[in-house]
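Note that this is a predicted model, so its numbers are computed, not measured.
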Amino acid sequence: MEHLQEKFYLTEHKHSASANTKERVSITMVLKYVLATLPKLEKRYVEDNNATLYRELVEEYNSRVRHMNEIVFVTKSKLLNCSEHLRKGLALLSESLEKLKNLKKLSSLQKFIDECRLPICLSSPKTRASVALLQMNKNESFNENRLWILNQKECPHERFSFMKELAGPVYVKPEKDSQKGKGKSPTKRSKSLAEFEGHAETITEFIDRFASIPEVKETIIHGNDTVGVNEAISIYLDNIFELAKKFPGFANFKPEEYEFICDEIEKHVTRRLYAKVYPKEATKEDKEFALKTQMLEWVTLDNFNVNPLYKIEELFDHAIKVFRQIDNGFTPLDKLEYVQDCSRCICDILYLATGKADAAADDILPLYIYIIIKAAPERIRSNLNFCKTLLNAGKRFNEKGYCLTQLESIIYHIEKIGYSCLLYTSDAADDLLCVDLGGRRIIKKK
């Protein structure tokens, strides 16, 4: 009996077994062993130790449960960490694969740009020769006040081939010698009438010819496209897109990949035009708009008749910073991307304030006006005219086209500000600065 007491924890002075031994023996084996041993014990011993045996069994069970929970917790933590590492690894792998695909696309794109040939004749009222005013046949004529972009086989220079012979050699005006002050002898080079009139075959040649047209720069400066500059570049880009469909390097592209290629072609053309035709300095319209925003710098959201829930000016700081980056874009698509991001910020603010996913134009317009006034852009008119002039007409009906129309409307509202519009609640505003953004009467603060 003493031997059993020492071996099986049946008294208050139980034997302390090692932790490793407890871990090795399962609870099932212990219970079977105890049940097999109990009948052999004296009745007195059993009665005295039932409570002790029960407590020890419960404690051992709870200890095993706690240990198992710890193991489960550690295992779950390791699995979660492993899952997170796998997720990050897959994300990096996907990003790397996407970059690799884009590099391959861009490599094919550069090859297409180098090899693409689209023979066109480009001329405008100020650059075309008198021969271009002739009727090409009895049933065909052109508006002499528009910019022409024609296939070389159909242009007047090719139709009237004898004019090429009349062009002859062209003498270049002699340059002054900076050292002796004497004029250099005139140089002679052969220049066909086709070259002189603005023929182009490669994309690079088109960019150079197009940028040299005076009406292009004038349209971007003043914003009045009276000669059809946007129509001409849209026609050219659409023809280039059609050639891209037949290019072997793009043969297996999906529709979204082809759309990516078209966007990149448009960006390539307009980015190089930016360096040639975008005004180097702020225009008169830019300065006038900048002055208008400076006059309205005192404006707060309280001056607009908007939902009070929107009047948290701190939420608009990010939208203002985003809109200021419009000058960092070098293509219409890049510039409109910043405008699009600004619109998303406004929609997010409206969603946080009201919980509604759809935002009404009447809610967006005054908030957008507030953002542009606070952003105080220095080249807003140049940016707007650049986008209007060179954005492909096919994109006027998508989200970026909507953002362009919206931006133009907002600029128009700010430029046409009168003296009877904002809710007059600012002590910093002078009577002359309390202006109109929509026909609302002044409510003067008492």
**Report entry** Worked verdict on E337 versus K400 for salt bridge (charged side-chain N to carboxylate O under 4.0 Å, His left out)
**Finding:** CA-CA 7 Å; E337 185 68 32; K400 285 186 172 61; 3.0 Å; yes
Distance-only polar pair, side chains of [X] and [Y], donor-acceptor under 3.5 Å:
{"X": "T389", "Y": "N230", "value": "no"}
{"X": "Y338", "Y": "N328", "value": "no"}
{"X": "S382", "Y": "N385", "value": "no"}
{"X": "N307", "Y": "D363", "value": "no"}

For the backbone of [Y] and the side chain of [X], can you confirm whether one donor and one acceptor N or O come within less than 3.5 Å of each other?
{"X": "D114", "Y": "K111", "value": "no"}
{"X": "S124", "Y": "I213", "value": "no"}
{"X": "S107", "Y": "L103", "value": "no"}
{"X": "R381", "Y": "K284", "value": "no"}

Could you check whether any side-chain heavy atom of [X] comes within less than 4.5 Å of a side-chain heavy atom of [Y], counting everything from C-beta outward?
{"X": "I120", "Y": "N151", "result": "no"}
{"X": "E218", "Y": "K126", "result": "yes"}
{"X": "F210", "Y": "L390", "result": "yes"}
{"X": "D334", "Y": "T331", "result": "yes"}
{"X": "R396", "Y": "K388", "result": "yes"}
{"X": "I414", "Y": "I411", "result": "no"}
{"X": "T354", "Y": "Y310", "result": "yes"}
{"X": "P279", "Y": "F386", "result": "no"}

Requested in this report: Please say whether more than 12 non-hydrogen atoms of neighbouring residues, nucleotides or ligands are located less than 6.0 Å from CD in E115.
Outcome: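 More than 12 within 6.0 Å, yes.
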Query raised in the report: Got more than 12 heavy atoms from elsewhere within 6.0 Å of CD, E378?
Result: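 No, not enclosed.
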Query - R272 vs D208, salt bridge (charged side-chain N to carboxylate O under 4.0 Å, His left out): CA-CA, chis, key distance, verdict - result: CA-CA 9 Å; R272 280 151 183 77; D208 293 336; over 6 Å; no
So, for [X] and [Y], which heavy atoms are closest and what is the spacing to 0.1 Å?
{"X": "I380", "Y": "F323", "answer": "CD1-CZ, 3.7 Å"}
{"X": "N145", "Y": "V227", "answer": "O-CG1, 3.6 Å"}
{"X": "E266", "Y": "N392", "answer": "OE2-N, 3.1 Å"}
{"X": "R146", "Y": "P125", "answer": "O-CD, 3.6 Å"}
{"X": "K217", "Y": "A211", "answer": "CE-O, 4.0 Å"}
{"X": "K335", "Y": "I326", "answer": "NZ-O, 3.2 Å"}

Query raised in the report: Does a salt bridge link R379 with D286, judged by any charged N lying under 4.0 Å from a carboxylate O?
Result: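 Judged by the 4.0 Å cut-off on N to carboxylate O distance, R379 and D286 do form a salt bridge.
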**Report entry** Audit row: H268, E264, side chain to side chain contact (heavy atoms under 4.5 Å, CB included) steps and yes/no
**Finding:** CA-CA 6 Å; H268 173 84; E264 289 301 317; over 6 Å; no
Query raised in the report: So R344 and D341, salt bridge (charged side-chain N to carboxylate O under 4.0 Å, His left out) or not? Walk me through it.
Result: CA-CA 5 Å; R344 292 194 188 104; D341 290 342; 2.6 Å; yes
When rounded to the nearest 0.5 angstrom, what is the spacing between [atom1] in [X] and [atom2] in [Y]?
{"X": "E259", "Y": "I261", "atom1": "CD", "atom2": "CD1", "result": "11.5 Å"}
{"X": "L315", "Y": "I346", "atom1": "CG", "atom2": "CD1", "result": "12.0 Å"}
{"X": "Y278", "Y": "R271", "atom1": "OH", "atom2": "CZ", "result": "15.5 Å"}
{"X": "L80", "Y": "K78", "atom1": "CG", "atom2": "NZ", "result": "12.5 Å"}
{"X": "L109", "Y": "K104", "atom1": "CG", "atom2": "NZ", "result": "16.0 Å"}
{"X": "L336", "Y": "L407", "atom1": "CG", "atom2": "CG", "result": "8.0 Å"}

Give every donor-acceptor pair under 3.5 Å between a side-chain atom in residues 245-257 and any protein atom, sequence neighbours left out.
residue : atom : partner : partner atom : Å
E257    : OE1  : K254    : N            : 2.8

Report task. Measure from NZ or CZ of K395 to the centre of the six-membered ring of Y402 and say whether it is under 6.0 Å with the direction within 45° of the ring axis. Result ->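 Output no; distance or angle outside limits.
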Query - Stepwise side chain to side chain contact (heavy atoms under 4.5 Å, CB included) check, L352 with I312 - result: CA-CA 11 Å; L352 290 173; I312 306 176; over 6 Å; no
Requested in this report: Go through the structure and list residues passing salt bridge (charged side-chain N to carboxylate O under 4.0 Å, His left out) with E288, not counting sequence neighbours.
Outcome: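 For E288 there are no salt bridge (charged side-chain N to carboxylate O under 4.0 Å, His left out) partners, ignoring immediate neighbours.
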Report task. Decide yes or no on side chain to side chain contact (heavy atoms under 4.5 Å, CB included) for F112 and S108, but give the supporting numbers first. Result -> CA-CA 6 Å; F112 170 78; S108 300; over 6 Å; no
Going by atom type alone, with no hydrogens or angles, which donor-acceptor pairs under 3.5 Å involve a side-chain atom of residues 367-376 and a protein atom two or more places apart or on another chain?
residue : atom : partner : partner atom : Å
Y368    : OH   : V339    : O            : 3.1
Y368    : OH   : S343    : OG           : 3.4
Y370    : OH   : E313    : OE1          : 3.3
K374    : NZ   : E297    : O            : 2.7
K374    : NZ   : V299    : O            : 2.7

Report task. Go through N239 and L243 one step at a time and tell me if the side chain to side chain contact (heavy atoms under 4.5 Å, CB included) criterion holds. Result -> CA-CA 6 Å; N239 280 277; L243 291 177; 5.9 Å; no
